> 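Take this structure first; my questions come after.
Just so it is clear, the structure is predicted and the values come from calculations on it, not from any experiment. Lettering of chains follows the sequences in order, A, B, ..., and the numbering in each one begins at 1.
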Number of protein chains: 2
Amino acid sequence: MGAVTMSDVARAAGVSPMTVSNVVNGRAGVSDAVRRRVMETIEETGYRINVAARNLRAGRSGVIGLAVPELDNPYFGELARRIVAVAGEHDLRVAVEETGAAPEGERGAIRSSKRLDYDGLILSTVGLDMAELTTLPQLPLMLLGERENRSAVGHIALPNADGAQAAAAHLIDRGARRLAFVGGPDDREPTIRSMRWDGVQAAVRAAGIDEEDLRLVDCEMLTMDAGRAVGRRLGEQGAAGGPDGVDGIFALTDTLAVGLIRGLVDAGLRVPEDVLVAGFDGIGVGAHLTPSLTTVEPDHDWTARRAVERLLERIAMSGPPGEDEIAPFRLVVRESTGG
Amino acid sequence: MGAVTMSDVARAAGVSPMTVSNVVNGRAGVSDAVRRRVMETIEETGYRINVAARNLRAGRSGVIGLAVPELDNPYFGELARRIVAVAGEHDLRVAVEETGAAPEGERGAIRSSKRLDYDGLILSTVGLDMAELTTLPQLPLMLLGERENRSAVGHIALPNADGAQAAAAHLIDRGARRLAFVGGPDDREPTIRSMRWDGVQAAVRAAGIDEEDLRLVDCEMLTMDAGRAVGRRLGEQGAAGGPDGVDGIFALTDTLAVGLIRGLVDAGLRVPEDVLVAGFDGIGVGAHLTPSLTTVEPDHDWTARRAVERLLERIAMSGPPGEDEIAPFRLVVRESTGG
DNA sequence: ATGAAAGCGCTAACAT
DNA sequence: ATGTTAGCGCTTTCAT
């Protein structure tokens, strides 16, 4: 192609390629006159830097990976949007991957990160355990979501325990006494699930409620479909609603909560009159459901920014991963808990 | 870094770098014995190809851009997921961008595609008009969404007119007589909006309904919030529901429809008892709303595959953009139209 | 303040 | 079937 190179610009401006490089990269040590002349020549020739060449020289690919469980989940869409924005500020491209919320998918993301030469990977993990992650080779990695990092992996945590506790305390505050925790599949610890479960237990204990009255309900997958099946089952079995049934549910994620509410409705129950429901994530659609969804909303902007910035630090200095950080959150009270 | 290069592998295997290259790229003309030996050496040394170097050599960046209006909109999440999958089959990385559904954002995506050296761009456009797109310089471009391409730009269209017509016909079939079309802001033609509007008009005409009874309602943005405001206004003004009010609404997108339904509910109306509502896009959450959402669902898999494949063709051969193609669709009937 | 040389890792083109 | 040469466009290093 007739791509204009630095040498072309240099020749046209009557300087060396090195000077052009210095101008393009805003480095010091170029006189104003020369700088201006080079800038003009760049303008005239339509020169654009060749990213591949720069990357080759720098030993980088200029791409970071972002692997999320599901791209069509609004929560991860929001996350992706913010991460792309922050990465763009640093001239980094973000390649998105989907893991399907399965350990195999997460391994796949790591593999393809290496195959496609990503400079680093932000992994929103649900499945992979720490032991496995720490044995993974050379790839700057930031984990999003879990906590209790004892490993060599950088980590931005969600406010799992505190957020879940706040949500459960709110359910109790609104009159619920027989709570249920609807989680995903029960797998390795510590996971998002186990930490949120701890939070809910803490709230129940703090309220002086008999822990016998706290139910743990499994749910095969973290999808709306699966949540709906659970909600319907709970309602039809009389396990929810009614004088002795569950009267307050914390759903592991908003996605689950959306399906769960619909399942309860399918079974003839009303939310919040018969059962209160709260979720976790703060997905946008939650505000516009009928009933709208009470949720724990982590600060997505903060999360995205810290994830990218810390990944960049790791890429640059390949030092130790640094401290865990936990995202701030707020409890958004809406109709599903009578708010 | 101690990255293993092709030369390293070549030396270790006692062959030339070129032979290693041939093996790595599965090219013919390597004896089985040598191929095996090279493979083993690659395995032993942990060699991985340097993508930046390959790209520099090939004059590509190995990254395509995908620019969508909103990443936290499930529709685009689904689209992104599929595009990433197909691109991955071709060893391409997908960098996602957000345009904010504004012409300026779309221009920005094109600019940053060039700044970051994307090999091509898939642009799900709502705002930019064709005239502007055709004047854009050298960047293989596939447009997603609009139609009536008279330009030099490749184009995968959604079934805008036919889909909208099917939805409107269905509303009429379910008893609606006073339809409303709730669209985004009214801008340049032809847009998604104008084409879907044409489809709805066609359905009304075909049913022999007085076109006076078809209302066109503007909506400032294509967001749930904006849709909700419109729904509330329609309900509160008595413009929807009641004996003379609108009794069937086609919303330009599912996102809009979600907010719209909620706004009608806010105003004390029931869907579908008082008003029928249908949307367009087939977002996943639509199945789990109360009421669940009737929608025109384009074949996302097909769309993603064709978009990537045709972009690749354009990148490879930089020929003419080729024919427009229109995605197949199906009408998914759910509760919001009494289904 | 500016420039020349060298090479990042790969592969097309041309030998052998 | 395999090897050699040369160079993609940039930037680090070391002059001047």
> Is a side-chain donor-acceptor pair under 3.5 Å present for Ser61(B) with Asp119(B)?
yes

> Using whole Å, report how far CZ of Arg54(B) lies from C1' of dG9(C).
11 Å

> Rounding to a whole Å, what distance do you find between Arg27(A):CZ and dT2(C):P?
14 Å

> Look at the side chain of Ser31(B) and decide which nucleotide, out of dG9(C), dT11(D), dT2(D), has an atom nearest to it.
dT2(D)

> If you take any heavy atom closer than 4.0 Å to DNA chain D, which residues from residues 12-21 of chain A end up in contact?
Met18(A), Ser21(A)

> Given atom CZ of Arg60(A) and atom P of dT12(D), what is their separation to the nearest angstrom?
11 Å

> Is it the case that the side chain of Asp8(A) and the backbone of Val4(A) share a donor-acceptor pair, with hydrogens and angles ignored and the cut-off at 3.5 Å?
no

> CG of Asn25(B) versus P of dG9(C): gap in Å, rounded?
17 Å

> So how far is it from Arg310(B) CZ to Met142(B) CE, rounded to the nearest 0.5 Å?
4.0 Å

> Over how many whole Å does the gap from Asn22(A) atom CG to dT11(D) atom P extend?
9 Å

> As a test of reading the structure: which of dA12(C), dC10(C), dT2(C) is closest to the side chain of Val34(A), going by heavy atoms?
dT2(C)

> Is the phosphate of dC8(C) approached by Asn50(B) (side-chain N or O, under 4.0 Å from OP1 or OP2)?
no

> Nearest whole Å is fine: how far is dG9(C) P from Asn55(A) CG?
14 Å

> Pairing donors with acceptors under 3.5 angstrom, does anything connect the side chains of Ser21(A) and Arg27(A)?
yes

> Atom OG of Ser113(B) and atom CG of Leu121(B): how far apart are they, to the nearest 0.5 Å?
4.0 Å

> Could you tell me how far apart Arg57(A) (CZ) and dA5(C) (C1') are, to the nearest whole angstrom?
11 Å

> In terms of heavy-atom contacts, does CD of Glu89(A) have more than 12 from other residues, nucleotides or ligands at under 6.0 Å?
yes

> Given dT2(C), dC10(D), dC10(C), identify the nucleotide with an atom nearest to the side chain of Ala53(A).
dC10(D)

> Rounded to the nearest Å, what distance is computed from the CE atom of residue Met6(A) to the P atom of nucleotide dC8(C)?
19 Å

> Is the number of heavy atoms from other residues, nucleotides or ligands within 6.0 Å of CE (Met18(B)) greater than 12?
yes

